[in-house]
Structures are given as C-alpha cells and as structure tokens.
Q: 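Can you keep this structure in mind? I'll have questions shortly.
These numbers come from the heavy atoms of this one structure, side chains and all, not from hydrogens, waters or symmetry mates. Proteins get letters first, then strands, A, B, ... in listed order; numbering begins at 1 in each. Remember, predicted model here, so these are calculated numbers, not experimental data.
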Amino acid sequence: MVRALASQPVATAIVDGEVVAATPAGVPSFERLQQRMNLVAESKVEQAEIEYPVAYYAFDLLYVDGVKIERAPLWQRKEMLCRVLDFGEVVRLVEPIASAGREIFRALVASGLEGMVAKRRDSPYLPGKRSPSWLKIKAQQTADFVIGGFTPGQGRRASTFGALLLGEYDADGKLQYAGRVGSGFRDAQLEEYRALLEARRRKRSPFAAPVPDTQGETYVRPNLVAEVEFAERTSAGQLRAPVFQRLRPDKAAHEVLQSGAEESSPATTPAADFSGQAVDALLAQLDRGGAALTLVVDGESLPVSNLGKEMWPAYEDAPPVTKRDLLRFLIRLSPQILSQLRDRPLTLTRYPNGIAGKMFYQKQWDQPRPSFVETVSIYSEENEGASEYLLCNNLGTLLWLGQIADLGFHTALARVTPGPDAINQSTEFAASRAAVIDSVLNYPDFLLFDLDPFVPAEGETASVKNTLTREGFAKSAQVAKWLKSTLDSIGLRAFVKTSGSSGLHIFVPIVRNLDYVAARAAQETVAKLVVAAHPRDVSMDRGTRAGKVYIDLNQLGRTRSLASAWSPRAKPGAPVSMPLRWEEVGEADPLAFTIWTAEQRLRRSGDPWAGILEAKQDIRALLG
DNA sequence: GAACTGC
DNA sequence: GCAGTTCAACGCCCC
DNA sequence: GGGGCG
Ligand SMILES: [Mn+2]
Ligand SMILES: [Mn+2]
C-alpha cells in the first residue's frame, strides 16, 4: 500500500480516506481492519497483506501542491481528487452517489453494512467536527436475547441493577454469552424487573462459558427474553450501543437462537413513532451529556444543540426548562402530540432565546430542511404563488421543531388529507386561491369555541397573576358548562381543553361538509343561545367584555391557527394545553398542567382527546 | 436558529 | 468573515 | 386608507 501511494503522480497532497480490509464475503469490516492495524512486525504485515487484502479508499482532498482547498465545496474537491490521484487495486476512490439515498440505505442494510455517511454537495471540509452537512446514518438492529443474570447497579440504580447479561442458544443447546444491556429502562421497569430477577435468582451461571469483564454479578434461571436494539455485534460477543426495548413474554427462551438478528426499517413508520421502544432509545441518547449531540431517530440523524439553554426560566417552585427538558417532554408525549398535529399545516411560534427573548411566527419554510420533514405546497396570497408549509407527521420532525425553538405547536383546524368524511374536496392547494377554497384545507374538522375570560391588568407579581388566572379560569369553566349543556341539548358531543392560561377551548368534531364560513355561522348560532341565556356573564363582542367571558369565534378561519392539545405554551411556568374530561372542568387548576406534570397526568388519567377524529358529527343534517 | 444578503 | 435581516396574518384601534 | 399593536 505504501508503494502504491508513493508512486502517485503528485508532489504533495493531503487526502482523507480510510484503510479497508474486505472479509471473504466482500463486506468491509471495521474489526478486521483493527486486527490488521495491530500487526507491527514487517513480516507479519506482508503475510497479512495476502490473507486480508487491504485497500485505501480516498474520499476527500484538502491540499494539493501548495494550495489549501478545504473550504471549496465538496463536489469540487471530489473532482480534483479524481484528477490528482491514480486509482487502481490498492488506492481506490469513494465514488459519491448523488441521489436515491433511501434506496441505497435499504440495500446496504440488507447486505449487512453498518451504515453510510450523507454529505451535502456544497459542504466544506470540517476536520473532526460534527456538522449537519455530514450525517452518519447507522443501520440499527434488534434481536431477542435470553436474560442469564445481571450486574449490580451504581448510585441511583444500586437498589435495582446495572445491566442485564444476555445470551443466545447455540446449535448444541448451550447458552452463549452475547453481551449486556444497561440503558433504555424506565425507573418503574428497573424495579419491576429486579423483582422478576430476584424470583429467578440462582448460584450457578446459566452460560456455557464464564462471562467476561464482570464482577459481583447475579445469575438467574434463564427463562426471560428481552428485545434489544443495538448498532453492531463485535466478534468478542458484545453488543455495541445496546438499548433495552421490552420483555418478550410471548417468546420462549429456547426459541432464542444465535444469528437471528433482524434489521429494523430506517423509514419512519407510525408503529415506530408510537412504540415505547423508540421513546426509550431516544431518551437514552439524550441522556448522554453535552450541549450538542446528534440524535438518531428512526434511523435518521438529527443534530440538536444548545441543550442547556433555558427556554422557560424558573417560575415559582418549578425549575427552568432547558431545551433538553423540552426534547424529553416531546419524546415522552410524542404519541399524543403527533396525533393532534398529523396532516395539519403548522404555524411555528419560535423563541430562539427563550420565552423572554424576541419571538416570531413562521408558516412557510422554503429553506433547506431534514429529509424526514414533510411539507405541502399551498398558494399564498402574499407571495402570489405556492410556498412550502410544514407538517409534523413523525417523531423526527417533532424533535426538529424543538431544536429550532418552536415552543408552541399551532395548527390549522383543517387537514391536507381527505377521508371518508371529506370525499369531494380536492387535495390540490398550489395553483391559486380558488384551488385552496375548493380543497380539503377549506373544510375544518371542528367547530371551535375559544373562551377568553377578561383578565385585568398586566405587570402584577407572579402570585397575583396566578390568582387572577385562576379566577378567570373559574369563569371560563362556568361558561364552558353552559355551552356544553346547550350542545348536549342539540345532540352534539364536545371536547374541552385548557388553552394554557386562563381560557378554555371547546372542540366539536364535525364531518367535513361545511367550509370555514358555514362552520363559523353554525357556531355563531350556538354561541348566541348561550349569550342570550347569560347576558351578564358572556359576550361575543370585544367591546363589552369587561368582567365577562368572551366567546371568540375569530379563531375559526382558513388562515388561522390554534395551539394544539398537549402543546406547550410560551408562557411563564411552561404550561401545556391540557385535554380535560368534562367532570374536571371547574375543579382543575390550569396552572398545574406543565411540561413537568403532563406525562404523569397522561399515565394516570389517559388522553381524554384520544379518538376525537372518530367522533365526528354531521351538523349539516342537523342544521336542516 | 438558521439561512440568506450585503459590505 | 461579519453584521444585519428575515421568518403570519388577522381584527382592532387610532390617526 | 394606512400604521402600529397584540
Ligand atoms: Mn383563547
Ligand atoms: Mn381568542
């Protein structure tokens, strides 16, 4: 190899590349390379050269004959690299592949390769730096393993366990050690599994050979099966980057045989978004320290930065919410949030410097974006043409929104997709204003009653404001109940959530056969009944609202948007717009629903808004 | 927060 | 290279 | 009708 490089037709050049050793099957292996690099004696190297043929794969050129070119765009550096070096058996060129990234990735995973590096065509060379322009995309694997024991935990986990010792049965029916897994467990799981392990505890190791690199381990009867995700198996029988997914009570231990690993899909599937496994794996990634890191979400890379930045300052008893805290919240609540955002054009409320800093709204996104972020092309009056609007249809996008400091998720009340309740409208939005008017985007899924109590004066202390908020909320709750009984009396089912401060949002899911104008007229009819019954407490007119609750019908419009259920709000204390059961209206404290408490609330009370889109009602029939 | 624009 | 700019779209109020 | 505010 040294000979091949020395005979190049160039005086001086700095080339970046990798020495690669092919296995007999032709699949490059990082491990074989390391073996080869550990050989130092010259004779051994020569012998190895024959046994393990190696090649130098050049992929970048930084310097050639006195000229630094590291700032030139990648495609130019590649072009020069081609011209500068002679390529042959030993020195090879890493050929760029300009398109079809997903197809290539699938093919490479299928052939057992580790992953690939995606680079922007126009990116400069950044030595040793993580860059959003260069993304390492890994193939993830999952497999089932028999649990043969556990290691003691440290610190907070001293009372449970550190890692599970994993094994697989070989052809002789012997349990062979296959590595360990210590991350991906929720606190509750640690306790639960420790109890399961305790019940199976035994003196003798179930493994055929001693377990390497452990001390103080406890062995168990090998009849529990765990599903584990990992990046790679090393030949020493370890797993690289293993993350626990779940127990497999449905699988018998004797079914766990060696070399049964299955590839997971790199694509974003709804199943992956909504599985607890994806959630646990991501939380484990985020728990690695540092102000910046690259998350792997469903096989795609997402760089995140400024993880320690306070997006919400400390408020009353609650600690500040950092960007890392926000991302954790988004991961944990992702099934709820995503179900509310799906297929609805977004309005971002962005606070790059936290809620105290300058904010801006953003709807159109004509900039570069991660490949998993979906957009839809919609005609915009302002632009006199189509622009790209963002959709949040997967976990990666949700976390990306967190990264770009979108602290409140506002959506349209109409979706971009048709359905059994909207079969005649088009899904063509780009051509003209008229096209949008004729499309599903002009047909909302809900009537929306936005109840805004009159809350006097700004500039008070936090505790005075909280009192005023609670008083305002009590009035909203009263009006909400009156509104509900009115809706009940005409046979309409409604859903209610807190707005995130003192107001309430009441949604009535409807069949999409009324456009925004007709829907607004329908809810005006209902609202007038409530105002007529309680004129001293309710108003539909901003001017005469002092001391009353204002029913704001303006929020239902084609170009309007509203904070979604389960969305955080960019207000002090990091409140969350929380779905309520009707029995809770009047009792609930809206300030108690925050980024810190939302998950516990979900686990305890469930999601009162789950299935809201399956509760649609045909009010056109009702209106006659 | 990130891309683009203009000096 | 670095500073500055941009990032919705309403109703409402006031001039 | 336009500018500023939220
Ligand atoms: Mn409101
Ligand atoms: Mn309002």
Side-chain angles (χ1 to χ4, degrees), chain A residues 68 70-73 120-124 126 130-133 135 291-294 302-311 322-324 326-327 344-370 373 375-376 378-390 397-414 433 436 441 448 450 452 454-455 457-459 499-501 503 516-517 520 524 539-546 550-563 569-571:
Chain A
K68 278 187 190 176
E70 63 207 34
R71 306 294 306 170
R120 291 190 60 89
R121 242 183 133 251
D122 52 3
S123 60
L126 299 171
R130 243 194 274 274
S131 152
S133 305
L135 301 177
L293 51 93
T294 299
L302 172 66
V304 291
S305 60
N306 288 325
L307 294 173
K309 187 184 261 190
E310 289 187 6
M311 307 312 285
T322 64
K323 196 193 264 185
R324 183 181 257 111
L326 170 64
L327 293 175
R344 302 183 188 281
L346 296 171
T347 300
L348 312 189
T349 55
R350 298 190 52 192
Y351 296 77
N353 294 303
I355 65 166
K358 270 193 67 167
M359 74 84 63
F360 58 92
Y361 293 97
Q362 190 161 25
K363 296 175 87 161
Q364 294 160 17
W365 193 279
D366 296 312
Q367 297 169 11
R369 58 178 186 274
V373 175
T375 61
V376 57
I378 304 174
Y379 182 85
S380 150
E381 205 87 338
E382 200 85 346
N383 298 13
E384 298 181 353
S387 267
E388 298 301 305
Y389 287 70
L390 295 168
T397 304
L398 186 60
L399 298 180
W400 177 69
L401 292 176
Q403 161 58 19
I404 64 174
D406 176 17
L407 301 191
F409 306 125
H410 296 230
T411 71
L413 294 191
R433 180 191 152 87
V436 182
L441 274 180
L448 160 65
D450 172 24
D452 292 335
F454 178 79
V455 178
E458 290 288 310
S499 70
S501 61
Y516 275 105
V517 174
R520 171 104 62 119
E524 190 166 355
S539 164
M540 287 171 60
D541 171 12
R542 273 184 201 272
T544 62
R545 61 187 288 202
Y550 172 53
I551 302 185
D552 182 356
L553 302 182
N554 285 324
Q555 290 298 333
L556 189 73
R558 188 170 49 82
T559 62
R560 324 238 18 157
S561 65
L562 188 82
R569 306 302 311 273
K571 293 163 178 289

Q: Rounded to whole angstrom units, what separation is found between the CE atom of A:Met359 and the P atom of B:dA2?
A: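 That distance rounds to 17 Å.
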
Q: Can you check the A:Asp122 CG to B:dA3 P distance for me, whole Å?
A: 10 Å

Q: Base, sugar-phosphate, or nothing for A:Glu381, non-hydrogen atoms under 4.0 angstrom?
A: nothing

Q: Check for a donor-acceptor pair, side chain of A:Tyr379 on one end and backbone N or O of A:Ser387 on the other, with a separation under 3.5 Å.
A: no

Q: Got a sec, which residues hit salt bridge (charged side-chain N to carboxylate O under 4.0 Å, His left out) with A:Arg569, two or more places apart in sequence or on another chain?
A: none

Q: For nucleotides C:dG4 and D:dC5, find the distance between their P atoms and express it as a whole number of Å.
A: 22 Å

Q: Can you list the residues that meet the salt bridge (charged side-chain N to carboxylate O under 4.0 Å, His left out) rule with A:Asp366, with sequence neighbours excluded?
A: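 Checked A:Asp366 against salt bridge (charged side-chain N to carboxylate O under 4.0 Å, His left out); zero matches.
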
Q: Any protein N or O atoms within reach of nucleotides 7-14 of chain C? Criterion: under 3.5 Å, listing atom names and distances.
A:
from	atom 1	to	atom 2	distance (Å)
C:dA8	OP1	A:Lys363	N	3.1
C:dA8	OP1	A:Gln364	N	3.1
C:dA8	N6	A:Tyr361	OH	3.2
C:dA9	O3'	A:Thr559	OG1	3.1
C:dC10	OP1	A:Thr559	OG1	2.9
C:dC10	O5'	A:Thr559	OG1	3.4

Q: At 4.0 Å (heavy atoms only), tell me whether A:Lys323 reaches a base, stays on the sugar-phosphate, or touches nothing.
A: sugar-phosphate

Q: Measure the distance from CG on A:Leu390 to P on B:dG1 and round it to the nearest whole Å.
A: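 Taking atom P of B:dG1 as the reference, CG of A:Leu390 is at 17 Å.
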
Q: For A:Arg324, what residues pass the side-chain contact (heavy atoms from CB on, under 4.5 Å) criterion, not counting sequence neighbours?
A: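 In terms of side-chain contact (heavy atoms from CB on, under 4.5 Å), with neighbours along the sequence ignored, A:Arg324 is linked to A:Leu286, A:Leu293, A:Leu307, A:Thr322, A:Arg328.
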
Q: Can you tell me how far P in B:dT5 sits from the matching atom in C:dA8, rounded to whole Å?
A: 16 Å

Q: For A:Arg369, enumerate each residue passing the side chain to side chain donor-acceptor pair (under 3.5 Å) test, keeping only those at least two apart in sequence or located in another chain.
A: A:Thr375

Q: With sequence neighbours left out, what residues match A:Asp552 under salt bridge (charged side-chain N to carboxylate O under 4.0 Å, His left out)?
A: A:Arg542

Q: Without decimals, in angstroms, what is the distance between A:Lys358 NZ and C:dT6 C1'?
A: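 Nearest whole value for this atom pair: 10 Å.
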
Q: Using the C1' atoms only, state how far C:dT5 lies from D:dG6, rounded to an integer number of Å.
A: 23 Å

